[in-house]
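Computed from a predicted structure; not experimentally measured.
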Amino acid sequence: MGQNQSLTHLKLRRPNAAKVVSVAEKLQAQAFSTPEGDDHSEQQTVASNKAVDWTVNDPDNRRAYHKVENSIYILPEEESEQKRLMIQSNMLAMAFGSNIVTPEIQRFPNKARKILDVGCASGFWLDSLFFGGNLSSDFHGVDITEEPSSWGTVCGAKIAAGNVLDGLPYADGTFDYVHQRALVLGVPKEKWPEVVQELVRVTKPGGWIELVEPTLILHNAGPTAKLFNDKANAALGFRGVDIDLGLVETLPEYVSTCKKLKNVGHRVVEIPLNWGGDIGQLQAHNVRTVTSHASDFLKLSLGIDDKEFSEMLDTAVSEWSEAKSYIKWIGVWGQVSAE
């Protein structure tokens, strides 16, 4: 879906109010608080165990996943997920006004002669730079997929298999500009400082790293949307996800405390959900689709079935435009010191 394509209002199924109330009561009764909470009820323990123990090899899974040992990532390896990521990329370019968030690289894109995208998927962000005028850059991408060589890019990017948590497959000081985006669901909370250090390691002195992540908190949420969001975040927290990563107090702190970085900055954008024009429709598609794609994990963790999950999601989506809900995204950058 291109940025200039006309978008119609997100089509909604009319939820059954009585069923939604019963599902909401079921979730409320779980007493499913965050990992740091004081509630240690038996129901919470069961729910937290399910969130931690779910794996990509669970026999009840409906989707196909990356086969990575000990991964906390809950999203599938499917064509529909690649399409969602591409639409998300267009949305973020609209929100930030550019595919590049780092001001110095925005002003002087030709300084980025050698570029790496960490968690590149099929390479569409790299292609967007190429189409934007970075015709002579040397493009590279790395992803946890098992068959990166089967992906083709217009820019001719060299795509490698790798996991930032295990160390990137590049020598020290290789790139001028290293970009990483939307890996909040794949990196354990305690690993984020190490991830920042690994991005720095493969960046040349004077080069730049850039990280772009969403908050997992839904702002101005309706009652059902808030309940669903709170319970899902609690499940993710038990699994090891840093549910506060997108906050101004968190990701910039991880970057600014890295001693090898200087000129650290950040920018926050607020993107509407199902209102505010095309960008709101793109964000609505993104959030609804990512929630559906995470259904194997969420249904098991929250103790609800297919119908209950669908009813809750339909109701949450129906509340977005009326409540003027929105999600914040943050972009953080830093320059690698020559010292």
Side-chain angles (χ1 to χ4, degrees), residues 1 3 7 9-10 12 34 73-75 81 83-99 101 119 121 125 179-187 189 192 210-237 239 241-252 254 266-295 297-298 302 309 312-332:
M1 183 181 300
Q3 293 181 24
L7 298 172
H9 194 73
L10 186 67
L12 305 174
T34 59
Y73 199 56
I74 62 172
L75 295 178
E81 174 64 7
K83 290 179 178 178
R84 180 195 71 82
L85 291 170
M86 187 178 300
I87 292 172
Q88 177 182 268
S89 184
N90 289 338
M91 176 195 76
L92 291 174
M94 293 172 68
F96 283 100
S98 172
N99 288 297
V101 177
W125 179 81
H179 169 270
Q180 179 179 293
R181 180 169 66 191
L183 291 190
V184 59
L185 298 180
V187 177
K189 182 175 182 178
W192 274 102
E210 175 181 300
L211 300 97
V212 181
E213 294 290 343
T215 62
L216 297 180
I217 299 170
L218 181 61
H219 297 272
N220 289 353
T224 301
K226 185 178 188 308
L227 176 64
F228 202 12
N229 183 233
D230 289 348
K231 297 300 182 179
N233 281 348
L236 291 170
R239 191 161 175 81
V241 171
D242 189 344
I243 58 177
D244 294 326
L245 181 69
L247 301 181
V248 173
E249 298 85 359
T250 308
L251 188 58
Y254 290 148
H266 72 270
R267 181 184 170 196
V268 177
V269 295
E270 298 177 356
I271 307 180
L273 265 168
N274 211 26
W275 60 278
D278 283 1
I279 193 168
Q281 299 308 306
L282 289 173
Q283 178 72 304
H285 177 278
N286 183 49
V287 175
R288 176 160 197 153
T289 304
V290 77
T291 305
S292 297
H293 284 181
S295 61
F297 166 76
L298 290 174
L302 303 182
F309 180 87
M312 286 288 289
L313 182 55
D314 286 346
T315 305
V317 171
S318 71
E319 295 173 350
W320 291 345
S321 57
E322 182 177 353
K324 293 294 187 286
S325 302
Y326 66 93
I327 290 178
K328 293 181 180 180
W329 283 76
I330 186 168
V332 186

CD1-CG distance between I279 and L92, expressed to the nearest 0.5 angstrom: 8.0 Å
F228 ring center within less than 6.0 Å of F309 ring center: yes
T215 side chain vs L247 backbone, donor-acceptor pair below 3.5 Å: no
Any donor-acceptor N/O pair, W275 side chain to S325 backbone, under 3.5 Å: yes
Main-chain N/O of F96 paired with R267 side-chain donor or acceptor, under 3.5 Å: yes
Side-chain donor-acceptor pair present, T224, E319, cut-off under 3.5 Å: yes
Flag side-chain contact, heavy atom, 4.5 Å: K226 against N220: no
Separation of K83 NZ from H285 NE2 (nearest 0.5 Å): 9.5 Å
Distance (rounded to the nearest 0.5 Å) between L298 CG and L236 CG: 6.5 Å
Inter-residue atom distance E249.CD - Y254.OH, 0.5 Å rounding: 12.0 Å
Sidechain-backbone polar pair: N286 side chain, Q88 backbone, donor-acceptor under 3.5 Å: no
Check: V287 main-chain N/O paired with T291 side-chain donor or acceptor under 3.5 Å: yes
Residue pair W320 / A225: nearest heavy atoms and the distance that separates them: NE1-CB, 4.2 Å
Student check: side-chain heavy atoms of M91 and W329 closer than 4.5 Å: yes
4.5 Å side-chain heavy-atom contact, V269 and K328: no
Closest heavy-atom pair and its distance - K231, L302: O-CD2, 3.6 Å
V317 side chain reached by L273 side chain, heavy atoms, under 4.5 Å: no
CA sep, side-chain torsions, deciding dist, call: I87, T289, side-chain contact (heavy atoms from CB on, under 4.5 Å): CA-CA 11 Å; I87 292 172; T289 304; over 6 Å; no
Sub-4.5 Å side-chain heavy-atom contact between R239 and I74: yes
E213 side chain vs L183 backbone, donor-acceptor pair below 3.5 Å: yes
Any donor-acceptor N/O pair, E270 side chain to Y326 backbone, under 3.5 Å: no
Any side-chain heavy-atom pair of Q283 and I327 under 4.5 Å: yes
Donor-acceptor contact below 3.5 Å, side chain N233 vs main chain I243: no
Donor-acceptor under 3.5 Å (T250 side chain, G246 main chain): no
Nearest-0.5 Å distance that lies between atom CG in L85 and atom CD in E81: 4.5 Å
Close side-chain approach of R181 and L211, heavy atoms under 4.5 Å: no
Main-chain N/O of V184 paired with D242 side-chain donor or acceptor, under 3.5 Å: no
Sub-4.5 Å side-chain heavy-atom contact between M94 and D278: yes
Minimum heavy-atom distance A323-A221, with the two atoms named: CB-C, 4.4 Å
CG-CD1 distance between L245 and I330, expressed to the nearest 0.5 angstrom: 8.5 Å
Smallest separation among heavy atoms of A284 and N274, with atom names: CB-N, 3.7 Å
